[in-house]
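Predicted, not measured: the structure shown is a model, and the values here were computed from it. The chains referred to below are lettered A, B, ... by the order of the sequence lines, with proteins before strands, and numbering in each begins at 1.
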Amino acid sequence: MHWKLRYNQVDAEFTDGKKRARIAGHDFDLSANFILETGRGLVPVASLNYLLPRILGTPVNYNPAARRFFIGSAAVHFTAQLTRTTPPRLVMNFTAPVNPTIATEPGRLRMTFTRQPVVAPGSSTLTFDDKTIPSANYAENNGVSEISVNGSVPLMASFSNDGRTITVAPTPQQAAVPLPAANAPQALSPGTAPSAPSTPPTSPSIVVLPPRHFYAVIDPAHGGDDRGATFNDKLVEKDVTLALARRLRQELESRGITTMDLRDTDSSLTADQRAIFTNTAHPVIYIGLHASSNGKGVRVYTALLPSGGENNGPFIAWDTAQAKSLPISQAAAQGIAAEFTRRQVQVRGLAAPLRPLNNITSAAVAVEVAPPGTDVMDLNLPAYQQNVVSAIASGIAAVRDKLGAPR
Amino acid sequence: MIPRHLVIAVAVMLLAVLILGFYAGRVRNRVTELPPTAQDTRPVAPPAAGPTERVTLFVASDDAGVLRAQSANIPLPAARQQRAEELLRALLGIYLGKDSPHVLAPGSEVRAVYLVDPGLAVIDLNAAFANGHRSGILEEELTITSLIQTLTANIPDILRVKILVEGHDRDTLAGHVDLSDVFDVGAVAQVAGQLQGTP
């Protein structure tokens, strides 16, 4: 029985139980017999690379081992370049925006691209001649592609250029490091028995985990097309939050608190991306910055968790990921509010259904800054901004014990 | 030979059909030229007629940035769902009126309230409400808390509230307060308590 197909004025003819097919007037042998089943024609997958370009008039790329099939020029290519900075950074540029799932494990950062047509570079292994980030690997399997970046220290990824660039760099947190026995507390690691001749035979090697690094993520709200509140034709919220974030970073770092800004340019991030980057970085605290023309002074918010979102075993519900950390978030908010009160800045502490607060697994607060008086342009006053961020930094530093951060 | 009076009658009927057709076309065009709902600045529908009941409205005040419980006598229908809608329309009447303590965009409306599941209420706002709302955490939170607290303080057995805009999910009210999730009434009551405190 013959089965005919016409697409874009291309005629194709197949015969049930036969390998021979005719496409656009040319005969062609399939890799297996054509099967007609309940009105549908079935062709062997292995023949698609030949069949479809002729019927569709566009190139296709089928990789049976990876179970990936691209029609047209759908593939996203990337380049990876290591910058010789201190610390080094691996900058990966993609030909289209990407949104991989990022996971970290000892010695590796893995980016998994599901339903995103990222394809291999020239070689599946890239080497960088660097001790911190020595190499990266590309692999694809079962329809999913993965780039894993190997590192001798914990790594983190950040996005820029509207999702077209991913930068991988060492996190400010450090892994376990061996300390001289004289400085070490009692923690013993039985797996590290003495072997070096210089080690006294009665004193075992001791490895301790250093105290958790005090690390804050600063999130200037809005950015890019999302302008936030428009105060007037000269002032929008996204610009005020960015200015506050830059000042806050200096204030925190001057107090010995390492920081990461979720954006330092006029770039756009979704609430989910903000939460993912924050959770991946494992900070001690997340600080979201907002600005408002309403009222005076400052409002400090913690998450108002939505209904539902039960945790199942090791899996944490996304919408209520903040639940466990809410008490320390409230402690941080109280510390910040107390500092504002001490500086005689009007302050309120509230809960709010404000993303991404509820999606963040560490302590998380948002600070909404209103003008000191009635003129909204005063939000831009350097002295006012400096006083606000200084109070936030001092408030956080004052409750560092409650946050579980070291002195 | 067709009688002359029949020819005249048929001609008159044809003329009438043509005139009516032309008139119907004009009427239809006039209807489609009505301004869209988003630009509708008419006041909300008048409250239902009938005996009034004493209710508590939680009214937001922008000046102080607080929520205030305020008693009011409004006519309420017997059906639970219609009562919920009338309550919120009474609240919006305050916000859209002269000397509003918490200004909403002209044309803001509650399209419907659905009590679809034991314990779940769905408030459907119109596009003018959300698109014209001022952006800011406190402004948006005052609005949402005011709606939910007014509803749940007067309609018993509501445990969760979902807010839609024109029948669809929306990420935020005006860039800040999250509408994508279902509100827990107990948690919102705590926020209402915070918002009723001294700023």
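- Contacts between A/L350 and chain B at a heavy-atom distance below 4.5 Å involve backbone atoms as well as side-chain atoms.
- Heavy atoms closer than 4.5 Å to chain A are found in the side chain of B/V191, but not in its backbone.
- The ring-ring contact (aromatic ring centres under 6.0 Å, His included) pairs that include a residue from residues 123-164 of chain B number zero, where partners must be two or more places apart or lie in different chains.
- Using a 4.5 Å cut-off between heavy atoms, B/L159 does not touch chain A at all.
- To the nearest 0.5 Å, atoms CZ (B/R68) and CG (B/L57) are separated by 14.5 Å.
- Contacts of A/N358 with chain B are made by side-chain atoms alone, with heavy-atom separations under 4.5 Å and no backbone atom involved.
- Considering only heavy atoms from C-beta on, A/L357 stays 4.5 Å or farther from A/Q322 through its side chain.
- In terms of heavy-atom pairs under 4.5 Å with chain A, the best-connected choice from B/V185, B/D178, B/D184, B/L195 is B/D178.
- Of the charged side-chain nitrogens involved, none lies within less than 4.0 Å of a carboxylate oxygen, so that B/E109 and B/R89 do not count as a salt-bridged pair.
- In this structure, A/D266 pairs ionically with A/K238, as a charged nitrogen and a carboxylate oxygen lie closer than 4.0 Å.
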